[in-house]
There are 2 protein chains.
Amino acid sequence: METSFRAQAGEALRAEGHRLTKQRDVLLDVIERSDRHLDADSIHRLARARDARVSLSTVYRTLSLLKRRNLIDELHLSEEHHHYEPKSTSQHFHLVCSDCGTVEEFIGGAVEALRDSLRRNRGFEVTSLQLDVVGRCGRCPSGATRPQR
Amino acid sequence: METSFRAQAGEALRAEGHRLTKQRDVLLDVIERSDRHLDADSIHRLARARDARVSLSTVYRTLSLLKRRNLIDELHLSEEHHHYEPKSTSQHFHLVCSDCGTVEEFIGGAVEALRDSLRRNRGFEVTSLQLDVVGRCGRCPSGATRPQR
DNA sequence: ATAAGTGCAAAGAATTTGCATAGCG
DNA sequence: CGCTATGCAAATTCTTTGCACTTAT
């Protein structure tokens, strides 16, 4: 089965009547290939190495399109500029153990409860939710915390 | 004891050899008084209403100073621009409306429930938790979410 | 063919900086 | 007085947009 981001996103765009230009295809490929989260400029540089015709405007226009279609996430980290990553299919959150350093993902029913609670108590309709939890996982003794580097 | 943000921050700045100008004092007061998280422009507008001499540059310079001294937090939410809040000791979370841009804080029982659930179901002991929720607040009509401009 | 997509350059928005002056200590 | 902080305008950085031209379908 074909589940590459590039193919998937390309298909989604076509399905909505968008055209799959050479530029867009290169961009999808660049985004798919990179493990890190890239910013617009890096994406542009990488795409350009592959096809010199790709302009920064097109990078932004494509990112904006993918974002609207919910195919990528725009991350607002502590940097001035944005980073982008392919949207993972399921919503998951990170559980980081400060002792052993393990990062687990979880898909919590508790998060659903939070979502419900916000809707019920505040009339707030959640569209996206970012959660990072730090603590000690069940496998680590509650004794001494591992010295931080 | 004097624990107002304004007094505290002012003191901290003096202690490091900075001067407490009229402009800075007004800015500290504005930041302290507002319950919402303000962006630079709002702070500027509010400060200006109090003292017309306050320039936007000074707002940015002061925010940058306070940030470096760890007296305020700079929030990178889903907006293009930054929001600022006095550094607080207690844990709270952010609710960002993607329509009107309002940022609310909440200290949810639902978050406590999440914490409990993690402990009970996974033996995971939470020490710190960062949560940012984006969605549509109760005051915004569920019509167009289009960030057109 | 024809409307969506593109490149380029120019516009915008948010933030920073250079420089001459104002004003705290 | 001396030096920091300020105001203003110009510069930067990131992103969006207008327009004439291309190109996928």
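First the proteins, then the strands, lettered A, B, ... as listed; each starts at 1. All values derive from a computational prediction rather than experimental measurement.
Rounded to an integer number of Å, the gap from NE2 of H82(B) to C1' of dT16(C) is 13 Å. Between D39(A) atom CG and dT15(D) atom P the separation is 8 Å, expressed in whole Å. Following rounding to the nearest Å, Q23(B) (CD) and dT21(C) (P) show an atom-to-atom distance of 18 Å. In this structure, L65(B) atom CG and dT15(C) atom C1' are separated by 16 Å, rounded to whole Å. Residue D25(A) contributes atom CG, which lies 12 Å from atom P of dT6(C) at whole-angstrom precision. The NE2-P distance, from H83(A) to dT15(D), rounds to 9 Å in whole Å. At whole-Å resolution of the value, CG in D51(A) and P in dT22(D) are 16 Å apart. When rounded to the nearest whole Å, the span between CG of D41(A) and P of dT16(D) equals 14 Å.
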Protein and nucleotides 2-4 of chain C: nitrogen or oxygen contacts under 3.5 angstrom:
unit_1 : atom_1 : unit_2 : atom_2 : d
dA3(C) : N3     : R19(A) : NH1    : 3.4
dA3(C) : N3     : R19(A) : NH2    : 3.0
dA4(C) : O4'    : R19(A) : NH2    : 3.4
dA4(C) : N3     : R19(A) : NH1    : 3.0

Polar pairs (N or O, both sides) under 3.5 Å between protein and nucleotides 18-20 of chain D?
unit_1  : atom_1 : unit_2 : atom_2 : d
dG18(D) : O6     : R61(A) : NH1    : 3.4

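Picking from dT15(C), dG25(C), dT15(D) the nucleotide with the shortest atom distance to the side chain of H81(B) gives dT15(C). The nucleotide whose nearest atom lies closest to any side-chain atom of R48(A) is, among dT6(C), dC8(C), dT6(D), dC8(C).
The phosphate of dT15(C) (OP1 or OP2) has a side-chain N or O of Y60(B) nearer than 4.0 angstrom. A close approach under 4.0 Å does not occur between any side-chain nitrogen or oxygen of T21(B) and OP1 or OP2 of dG23(C). When the side-chain nitrogen and oxygen atoms of R14(A) are compared with OP1 and OP2 of dA24(D), none of them lie within a distance under 4.0 Å.
No close placement of the H83(B) and H94(B) rings is indicated, their centers lying 6.0 Å or farther apart.
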Could you walk me through whether D25(B) and K22(B) pass the salt bridge (Lys or Arg N to Asp or Glu O under 4.0 Å) check?
CA-CA 5 Å; D25(B) 191 46; K22(B) 180 81 194 305; over 6 Å; no
What's the verdict on side-chain contact (heavy atoms from CB on, under 4.5 Å) for L63(A) and L27(A), showing C-alpha distance, side-chain angles and the deciding distance?
CA-CA 9 Å; L63(A) 288 174; L27(A) 289 175; over 6 Å; no
Test side-chain contact (heavy atoms from CB on, under 4.5 Å) applied to T62(A) and I43(A), step by step
CA-CA 11 Å; T62(A) 300; I43(A) 294 175; over 6 Å; no
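Checked against side chain to side chain donor-acceptor pair (under 3.5 Å), S57(B) has no partners two or more places apart in sequence or in another chain.
The existence of a salt bridge linking R6(B) and E32(B) is excluded, since no basic side-chain nitrogen approaches an acidic carboxylate oxygen closer than 4.0 Å.
Grouping the Ile, Leu, Val, Met, Phe, Trp and Tyr side chains by contacts below 4.5 angstrom, directly or via other members, places L38(B) apart from L75(B). Hydrophobic clustering (side-chain heavy atoms under 4.5 Å, transitive across Ile, Leu, Val, Met, Phe, Trp, Tyr) keeps Y84(B) apart from L95(B).
For the pair L56(A) and A40(B), nearest-nucleotide mapping onto DNA chain C gives the more 5' position to L56(A).
Side-chain contact between L46(B) and R33(B): absent, with no pair of heavy atoms (C-beta onward) separated by less than 4.5 Å.
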